[in-house]
Participant: 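Handing you a structure now.
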Amino acid sequence: MSGVSTVPNSPCIESSWKNAIGAEFQQPYMQNLRTFLRREKDAKKIIFPKSSNIFKAFEYTPVDDVKVVILGQDPYHGMNQAHGLCFSVPPGVAIPPSLVNIYKELYDDLGIPPVKHGCLISWAKQGVLLLNSVLTVEQGKAASHEGKGWEIFTDKVIAFLNQQPKKIAFVLWGSYAQRKGQVIDDSKHLVIKSAHPSPLSSYRGFFGSKPFSKINTFLAANNQTPIQWQLPQVPEVPES
């Protein structure tokens, strides 16, 4: 999964998303972001995820499929961890501490025992947009690509979804996600807020918040199919 991320002028983003927000790729801030990433490449820095995975969350969850948005901060910055879905890691990679706690809460909430992998593709394919606010990161340096332009792009994504007639469940774990989600109309959509699942904060309100049952109750009440939160015991192999 190592390699250098770049943002092409015509990115391979899923077609429904390209129709919705494709104009963003022509905006000056995106050109500045391309310049930044190119400069990082020239400096021989290792950036995650690899280019083909930057927009993977959109590929697995097309616009019309979005029922839930889980908002993360930036990709995992360890080798082989990031593959374009927030909180998720590819098969064979150790489950990160925040995801361990998500699994604990899932068990407490719905009685679903944790699987032995951290690949959340199954959720994404059911309509859970696993969106990081920042879509790239330098190896070993959390938050190293904040303020480079990604936040503008993902703000546009959130604003677009907020304006859709379909009712969506937005999951905002931690203060960063909650600030970013201030534009969401909570009179129409479900907005779930709690502490972040990180071991540093999970005991301040994440545990016991029961987000998964709340989401499914909301979806059922709005004539949408609930999410099957039980992940497959054998994880799907991510597309390259």
Side-chain angles (χ1 to χ4, degrees), residues 1-3 5 12-14 17 47-62 65-107 109-110 112-137 139-140 142-143 145 150 154 157-158 161 168-174 176-177 180 192 194 196-199 202 206 211-212 215 227-240:
M1 288 282 176
S2 63
S5 297
C12 296
I13 192 168
E14 191 275 333
W17 282 109
I47 309 299
F48 300 128
K50 64 180 182 180
S51 293
S52 60
N53 283 338
I54 293 177
F55 301 105
K56 205 53 116 171
F58 302 97
E59 183 176 325
Y60 284 122
T61 316
D65 292 352
V66 176
K67 302 175 182 177
V68 182
V69 178
I70 297 180
L71 188 62
Q73 191 159 349
D74 64 344
Y76 294 123
H77 54 83
M79 187 66 71
N80 299 326
Q81 289 183 304
H83 68 134
L85 308 178
C86 73
F87 294 107
S88 180
V89 291
V93 176
I95 303 173
S98 290
L99 186 53
V100 169
N101 285 341
I102 290 171
Y103 286 174
K104 287 179 180 177
E105 179 60 20
L106 179 58
Y107 179 73
D109 187 1
L110 293 175
I112 295 175
V115 292
K116 296 181 179 179
H117 64 82
C119 185
L120 305 181
I121 289 175
S122 172
W123 293 358
K125 286 186 172 181
Q126 294 181 72
V128 182
L129 181 65
L130 297 167
L131 180 66
N132 275 315
S133 300
V134 176
L135 301 188
T136 56
V137 69
Q139 181 182 13
H145 288 186
W150 282 127
T154 52
V157 172
I158 294 169
L161 291 172
I168 296 171
F170 289 87
V171 181
L172 310 178
W173 287 328
Y176 182 94
K180 193 171 179 71
I192 294 176
S194 77
H196 193 276
S198 162
S202 54
F206 173 74
F212 306 101
I215 289 168
I227 304 299
Q228 172 53 260
W229 295 108
Q230 175 67 67
L231 292 162
Q233 296 299 320
V234 178
E236 296 188 47
V237 177
E239 302 166 8
S240 59

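Computation of the quantities below employed the complete heavy-atom set of this structure, encompassing side-chain atoms and omitting hydrogens, waters and symmetry-equivalent molecules. Please read all numbers here as calculations on a predicted model, not as lab measurements. Position 1 is the first residue of the sequence; numbering continues from there.
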Participant: What is the minimum heavy-atom distance between Ile70 and Cys86, and which atoms define it?
Facilitator: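 Residues Ile70 and Cys86, closest heavy atoms: O-SG, 3.3 Å.
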
Participant: For the residue pair Pro75 and Val134, what are the closest heavy atoms and their distance?
Facilitator: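 For Pro75 and Val134, the tightest heavy-atom pair comes out as CD-O, 3.1 Å.
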
Participant: Indicate the atoms forming the closest heavy-atom contact of His117 with Ile95, along with that distance.
Facilitator: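 Scanning both residues, the minimum pair turns out to be O-CD1, 3.5 Å.
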
Participant: Quick check against the 3.5 Å criterion: does Thr61 have a side-chain atom that pairs as donor or acceptor with the backbone of Val66?
Facilitator: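 Not confirmed, Thr61 side chain does not pair with Val66 backbone.
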
Participant: Do Gln126 side-chain atoms and Ser122 backbone N/O form a donor-acceptor pair below 3.5 Å?
Facilitator: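 Indeed, once roles are kept as given, a pair shorter than 3.5 Å links the two residues.
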
Participant: When the aromatic ring centroids of Trp173 and Phe87 are compared, is their separation below 6.0 Å?
Facilitator: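 That pair passes the under 6.0 Å test.
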
Participant: Within the structure provided, determine whether Thr136 and Trp150 are in side-chain contact (heavy-atom separation under 4.5 Å).
Facilitator: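 Yes, at least one pair of side-chain atoms sits under 4.5 Å.
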
Participant: Please name the pair of heavy atoms, one in Tyr76 and one in Ser88, separated by the smallest distance, quoted to 0.1 Å.
Facilitator: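 So the two residues come closest at CE1-O, 3.3 Å.
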
Participant: Mind running side chain to side chain donor-acceptor pair (under 3.5 Å) on Thr154 and Lys180 for me, showing each step along the way?
Facilitator: CA-CA 9 Å; Thr154 52; Lys180 193 171 179 71; 2.9 Å; yes

Participant: When you compare the side chain of Leu129 with that of Leu161, does any pair of heavy atoms fall below 4.5 Å?
Facilitator: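 Counting from C-beta outward, Leu161 and Leu129 do come under 4.5 Å.
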
Participant: What are the two closest non-hydrogen atoms of Pro49 and Leu135, and how far apart are they?
Facilitator: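 Nearest pair, atom of Pro49 first, then Leu135: CD-O, 3.3 Å.
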
Participant: Heavy atoms only: give me the nearest Trp229-Phe212 pair and the separation to one decimal.
Facilitator: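 It is NE1-O, 3.5 Å.
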
